[in-house]
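In what follows, every chain begins at residue 1, and chains take the letters A, B, ... in the order their sequences are listed.
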Amino acid sequence: MTAYLLRRLVQSALILLGVSFITFFLLYVLPADPVRQIAGRAATQQTVENIRHQLGLDQPFVVQYIRYLGGLMQGDMGRSYLQKTEVASLIAARLPPTLLLMAAGIFCELVLGLTMGVIAALRRGRAADTGLMITSFVAVSAPQFLVSLLLLYVFAVRLSWFPIGGYGTFRHLVLPAVTLGILGSGWYARMMRSSMIEVLRADFIRTARAKGLTRARVILRHALPNAILPVIAMIGIDIGIFMGGVVVVESVFGWPGIGQLAWQAIQRVDIPIIMGVTLVSACAIVAGNLIADLIAPAIDPRIRIR
Amino acid sequence: MADAAVVDPRRPAGALSRLARHKLALFGLAVIVVIAAAAILAPLVAPFAPDEQNFDGLTLQGSPLPPGGTYLLGTDLLGRDLLSRIIWGARTSLIIGIAANGMALLIGTFVGVIAGYFRGWVGAVLMRFTDLMMAFPALLLAICLAAIFQPSLWIVALVIALVNWVQTARVIYTETSSLATRDFVAAERTLGASTGRILWRHILPHLVPTIIVWGTLGISTTVLLEATLSYLGVGVQPPTPSWGNIIFENQTYFQTAPWLVFVPGAAILLLALAFNLVGDALRDVLDPTLRGSDR
């Protein structure tokens with residue numbers, strides 16, 4: 001187990017190194033020139049060269065990359081070109097709202113998805129099942145910006161139940177969290193449905209029924225816990241999809257998280273911020289996958305760690 | 001699902017739902033055919049030119065016209081006919097959906113087959129690279145690349161392909177590596193067949209069902225991704241209409257003219273849904289590993 005963990009940690013570190021290299025390389029070869037953005041249009045050639053030198057952008061690629069990695073080892077992610085603030089502190093300030101939003105999004109996704117899946121499995125083959133499965137298809141086919149705008153229009157503009165955007169209270173959180181949750185709920189509904197159907201077929205369910213337990217008790221105490229675990233174990237793998245969704249949802253709702261930070265940085269070619277957010281997201285994705293792989297055998301002993 | 005043997009006799013309704021699922025696929029297919037026909041015949045079926053700013057396309061106050069009347073789905077902020085823009089936009093969405101997905105499929109299949117067949121270091125390197133791509137926040141990467149490259153239609157397609165081949169590569173890899181150990185491949189090798197011949201004539205045909213299924217489901221993903229990029233303003237650039245950038249152009253007005261957002265939005269949803277429904281049914285029919293299981 002320790003050896004496995006160690007190997008996975010080394011692998012994860014290598015993956016992150018690769019992500020940092022590729023991102024750095026892509027941003028290095030990009031046609032947009034960050035120095036022009038900083039200097040402004042009126043700047044003379046001399047000013048442009050000075051800024052380029054100051055930022056170390058006149059160095060060869062390898063030198064720049066190694067310098068960046070060196071900083072990273074000491075927790076220094078560089079400074080934003082335009083805001084002059086340290087990227088690490090910018091990200092640290094934006095991380096709590098994003099984590100809150102993601103946690104709420106995962107909560108919505110699980111509540112919606114698992115409920116739909118369980119009901120569909122119990123009503124298998126009936127109209128409710130078909131209806132729920134169609135709903136799950138619609139949920140995974142709806143672009144998140146459209147869901148955001150639809151929820152905004154209905155619940156904020158028309159009904160004024162929730163604010164149009166912003167951050168601060170519980171009411172601000174509801175619409176963006178539901179938006180994030182809807183996409184995943186479709187996948188969870190389908191996984192939960194098949195997991196539940198499989199469990200309901202198992203011998204121990206028949207035994208429980210034969211003992212004379214009520215249907216409700218069999219479902220709640222015996223079937224549900226067994227069916228739900230393998231589905232819950234998928235959360236770790238979701239992180240990547242969430243990281244993407246966050247960019248769109250945060251920009252529509254004006255949620256001050258790292259998605260919005262990244263989006264603004266991309267528009268202004270603020271490379272250190274783009275680098276930082278990409279790396280933080282990649283860390284989250286790698287950690288999510290690692291956790292998913294580690295808890296899988298704990299949940300299902302048939303899966304052995306190799 | 002497609003296998004009649006799994007019908008549970010105690011639940012005859014199960015067969016009905018199975019039929020319903022395939023009815024859904026037929027519905028999806030019909031949607032795809034209609035949208036594709038509209039896209040191909042755009043110059044014939046669109047009532048107006050997509051970029052014509054009609055002189056009577058705005059109210060006297062200068063706001064867009066709601067649906068109904070001369071302009072069936074209303075007009076946009078510049079007085080252009082929304083229906084015509086959506087019909088022409090179907091071209092963009094379908095071209096990008098199919099081109100991007102085709103490229104992704106090609107890359108994914110190539111990487112998957114090579115990595116799955118040649119175990120050794122080639123396979124290891126390719127699969128580690130695939131793992132690496134999995135760790136990228138895909139949408140963030142796509143937005144970043146698209147924003148930087150001042151996108152044209154083909155650049156957008158390329159960007160989408162570059163972030164989307166990974167899933168296919170993993171699935172194809174798993175299948176190829178199990179095929180590579182099968183007896184018929186060993187037999188072929190003993191007979192002296194070249195590697196190219198084994199891959200092309202014996203491995204690839206076995207992968208066709210998987211490629212078809214992932215190809216269909218993948219179009220849905222690429223359509224959604226294109227819409228998202230265009231909605232953010234980094235995808236297909238106006239005045240070329242795409243369903244995403246129609247929403248991008250008009251969203252500031254969406255409180256007073258919601259149809260400008262929700263009609264193209266519905267088109268995106270419908271197309272993505274159609275490909276998902278068809279892809280899912282194809283998986284039921286074509287994927288032997290799912291036969292007998294009830295998802």
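The minimum heavy-atom distance linking A:Gly245 with B:Leu139 is given by the pair N-CD2, 4.3 Å. Between B:Ile268 and A:Phe145 the shortest heavy-atom distance is CD1-CZ, 4.0 Å. Annotation for B:Leu269 and A:Val138: closest pair CD1-O, 3.7 Å, computed over non-hydrogen atoms. Pairing each heavy atom of B:Leu140 with each of A:Ala262, the nearest pair is CD1-CB, 3.8 Å. The two atoms that bring B:Leu224 and A:Ala142 nearest to each other are CD2-C, 4.4 Å, heavy atoms only.
Only the side chain of A:Ile164 comes within contact range of chain B, with heavy atoms under 4.5 Å apart. Both the backbone and the side chain of A:Val140 come within less than 4.5 Å of a heavy atom of chain B. Using a 4.5 Å cut-off between heavy atoms, A:Ile15 touches chain B through backbone and side chain atoms alike. Residue contact with chain A, scored on non-hydrogen atoms closer than 4.5 Å, involves the side chain of B:Tyr231 exclusively. Interface residue B:Phe129: only side-chain heavy atoms are found under 4.5 Å from chain A. For A:Thr23, the parts sitting under 4.5 Å from any heavy atom of chain B are the backbone and the side chain alike. Using a 4.5 Å cut-off between heavy atoms, B:Leu270 does not touch chain A at all. Of the two parts of B:Leu141, only the side chain, counted from C-beta on, holds a non-hydrogen atom closer than 4.5 Å to a non-hydrogen atom of chain A. Heavy atoms closer than 4.5 Å to chain A are found nowhere in B:Val223, neither backbone nor side chain. Heavy atoms of A:Val157 lying under 4.5 Å from chain B belong exclusively to its side chain.
Around the CZ atom of A:Phe25, the shell of radius 6.0 Å holds no more than 12 heavy atoms that belong to other residues, nucleotides or ligands.
The greatest number of non-hydrogen atom pairs below 4.5 Å with chain B, out of A:Ile22, A:Leu14, A:Leu17, is found for A:Ile22. If you tally non-hydrogen atom pairs under 4.5 Å between each of B:Val261, B:Leu232, B:Leu225 and chain A, the highest count goes to B:Leu232. With respect to chain B, the highest number of heavy-atom pairs below 4.5 Å among A:Ala265, A:Gly259, A:Ala282 belongs to A:Ala282. Ranking A:Leu150, A:Leu26, A:Leu16 against chain B, the residue ahead of the rest is A:Leu150, based on heavy-atom pairs under 4.5 Å. Most heavy-atom pairs under 4.5 Å with chain A, from the set B:Gly265, B:Ser220, B:Pro258, B:Ala227: that is B:Pro258. Comparing B:Ala272, B:Pro264, B:Ala135 by heavy-atom pairs within less than 4.5 Å of chain A, the highest count is held by B:Ala135.
Rounded to the nearest 0.5 Å, atoms CD1 (A:Ile285) and CZ (B:Phe136) are 9.5 Å apart.
Proximity of A:Leu149 to B:Ile247: side-chain heavy atoms (C-beta onward) are separated by under 4.5 Å at one or more points. In this structure, B:Asp280 and A:Met133 have side chains that are not in contact, with every pair of non-hydrogen atoms separated by 4.5 Å or more. In this structure the side chain of A:Leu27 reaches within 4.5 angstrom of the side chain of B:Cys144, judged on heavy atoms. You'll find the side chain of A:Val247 reaches within 4.5 Å of the side chain of B:Ile143, heavy atoms only.
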Assess the residue pair B:Phe27 and A:Ile134 against the criterion (side chain to side chain contact (heavy atoms under 4.5 Å, CB included)); give the C-alpha distance rounded to whole Å, side-chain angles, the decisive distance to 0.1 Å, and a yes or no. CA-CA 12 Å; B:Phe27 164 76; A:Ile134 294 176; over 6 Å; no
